[in-house]
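Single-structure report; data block below.
In what follows, every heavy atom counts, from backbone to side chain, and hydrogens, waters and symmetry copies are set aside.
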Amino acid sequence: MTNREDVSTPRRTKEIIQRHGFQFKKSLGQNFLIDQNILAKIVGAAGLDETKGALEIGPGIGALTEKLAQAAGKVTAVEIDQRLLPILKEVMEPYEHVTVVHGDVLKLDLPQLFAEQFGDCQSVSVVANLPYYVTTPIMMNLLEAGLPLENIVVMIQKEVAERMAASPGGKDYGSLSIAVQYYSEPQLVCTVPPSVFIPQPNVESAVIRLKVRKTAPVQVKDESFFFEVVRASFTQRRKTIANNLKSRFFSGEGRERLEALLAEAGVEPSRRAETLSLQEFAVLSDVLYAAGLTV
């Protein structure tokens, strides 16, 4: 095993792809990492050791999987592309503690997968180079599933990473920022140029770590209603929060009632949603919920 060249070197990546006659599928967003330093940063951000497990989504030919196998006590990789299974079997052959699962992570029973794969682990982190076209559904699925996660460390499109980590008041801050920050504490680890992938994507990437919260930073009367208020508030970013909420919750002559409820929540009707903090949205949603405005 010590004489094996890392999967992630450009030479070995190309050799594996050519030997197996692998053709990239654009529809699956396949971009394989070929940079040792970036891989080290991803794995390092997850804080793994032999007592911990790692779930990888979209392992490709196993460049990141190999590094995870060297850092974690148990690695399970979920791959949707059946053509990659024989490659992964070959590449992961030296690592008995690596399991490859063929499937779509959005359709798997994740609590069951965790129970089966990580029962002996003290903690589990998701570590992945995610396909850009399904980044948000996968991330929200992981966060909302109530899984016993420590960290989610992922390579995603830079623009999306910046939105997840954004603070109130800027153009990047929106409903995605609030949803991610409700469930986790995001931190940008590094930005990544297109040149470290085969093939090269058309956008810049970033590594982000989400430290999963054990309890939410705000308490709300109804979680689904809270998120509905957040989404409604950002329906049209250039509109005031009063106008967006009126369109969603108030018909006809509801303006005066809405402004009274906004005043009760301590929110000026002329403010835009991007200026409200997580705490302010929590107060606002509770006031609207108490007033009987349900989804």
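I34 contributes atom CD1, which lies 10.0 Å from atom CG of L39 (distance to the nearest 0.5 angstrom). Expressed to the nearest 0.5 Å, how far CZ of R163 lies from CD1 of I156 amounts to 9.5 Å. Atoms CG and NZ, from L68 and K52 in turn, are 13.5 Å apart once rounded to the nearest 0.5 Å. Going from atom OH of Y182 over to atom CG of L278 covers 8.5 Å, rounded to the nearest 0.5 Å. The NZ atom of K41 sits 13.5 Å away from atom CZ of R209, with the distance rounded to the nearest 0.5 Å. One distance of note links CD of Q112 with CD of Q117; it measures 10.0 Å at 0.5 Å rounding.
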* **Candidate pair N151 and V126, rule side-chain contact (heavy atoms from CB on, under 4.5 Å), full reasoning** => CA-CA 6 Å; N151 295 301; V126 171; over 6 Å; no

* Would you sort out whether T235 and R248 count as a side-chain contact (heavy atoms from CB on, under 4.5 Å), showing the intermediate values? => CA-CA 9 Å; T235 304; R248 173 63 182 85; 5.8 Å; no

* Given the rule in the salt bridge (Lys or Arg N to Asp or Glu O under 4.0 Å) test, do E280 and R271 qualify, once you have shown the distances and angles that lead to the verdict? -> CA-CA 12 Å; E280 286 178 304; R271 288 176 67 181; 2.9 Å; yes

* Apply salt bridge (Lys or Arg N to Asp or Glu O under 4.0 Å) to E274 and R237, showing your working. => CA-CA 8 Å; E274 66 198 44; R237 290 187 67 95; 3.1 Å; yes

* Going through the checks in order, is the side-chain contact (heavy atoms from CB on, under 4.5 Å) test met by V203 and K158? -> CA-CA 8 Å; V203 295; K158 182 185 174 203; over 6 Å; no

* Asked: Are K89 and E93 close enough, and set up right, to give a salt bridge (Lys or Arg N to Asp or Glu O under 4.0 Å), and what steps lead you there?
  -> CA-CA 6 Å; K89 184 178 180 182; E93 191 267 334; over 6 Å; no

* Can you check side-chain contact (heavy atoms from CB on, under 4.5 Å) on L130 and M155, steps first, answer last? -> CA-CA 6 Å; L130 288 181; M155 169 95 72; over 6 Å; no

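Residue Q122 qualifies as open at atom CD: its count of foreign heavy atoms under 6.0 Å is 12 or below. Shown here is R19, whose CZ atom has more than 12 heavy atoms of other residues, nucleotides or ligands within 6.0 Å. The environment of E159 atom CD is sparse: at most 12 non-hydrogen atoms of other residues, nucleotides or ligands sit within 6.0 angstrom.
Judged purely by distance below 3.5 Å, without hydrogens or angles, the side chains of S8 and Q36 pair a donor atom with an acceptor atom. R238 and N243 form no side-chain donor-acceptor contact under 3.5 Å, judged by distance and modelled atom types alone. The closest side-chain donor-acceptor pair between K74 and T99 falls under 3.5 angstrom.
Shortest non-hydrogen contact noted between Q236 and N244 is O-ND2, 3.0 Å. Shortest non-hydrogen contact noted between T65 and A77 is CG2-CB, 4.3 Å. Closest approach of G53 and L48 over heavy atoms only: O-CD2, 3.8 Å. When all heavy atoms of G60 and E79 are compared, the closest pair comes out as N-OE1, 3.2 Å.
Looking only at distances, no side-chain donor or acceptor of Q200 sits under 3.5 Å from a matching main-chain atom of N31. Between the side chain of E150 and the backbone N or O of S123 there is no donor-acceptor pair closer than 3.5 Å.
The side-chain heavy atoms of T13 and I61, taken from C-beta on, include a pair separated by under 4.5 Å. Considering only heavy atoms from C-beta on, L188 stays 4.5 Å or farther from C190 through its side chain. Residues L293 and L261 have side chains in contact (heavy-atom distance under 4.5 Å, counting atoms from C-beta outward). For the pair L284 and F226, the minimum side-chain heavy-atom distance is 4.5 Å or more.
Every residue two or more places apart in sequence or in another chain that forms a salt bridge (charged side-chain N to carboxylate O under 4.0 Å, His left out) with D81 is listed here: R83. Y289 meets the ring pair (Phe, Tyr, Trp, His ring centres under 6.0 Å) test with F225; sequence neighbours excluded.
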Could you pull out all donor-acceptor pairs under 3.5 Å where a side-chain atom in residues 134-147 meets a protein atom, sequence neighbours excluded?
unit_1, atom_1, unit_2, atom_2, d
T135, OG1, P131, O, 3.2
T135, OG1, Y132, O, 3.3

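We find that E15 and R11 are not joined by a salt bridge, their nearest charged nitrogen and carboxylate oxygen being 4.0 Å or further apart.
Not less than 6.0 angstrom separates the ring centroid of F227 from the ring centroid of F281.
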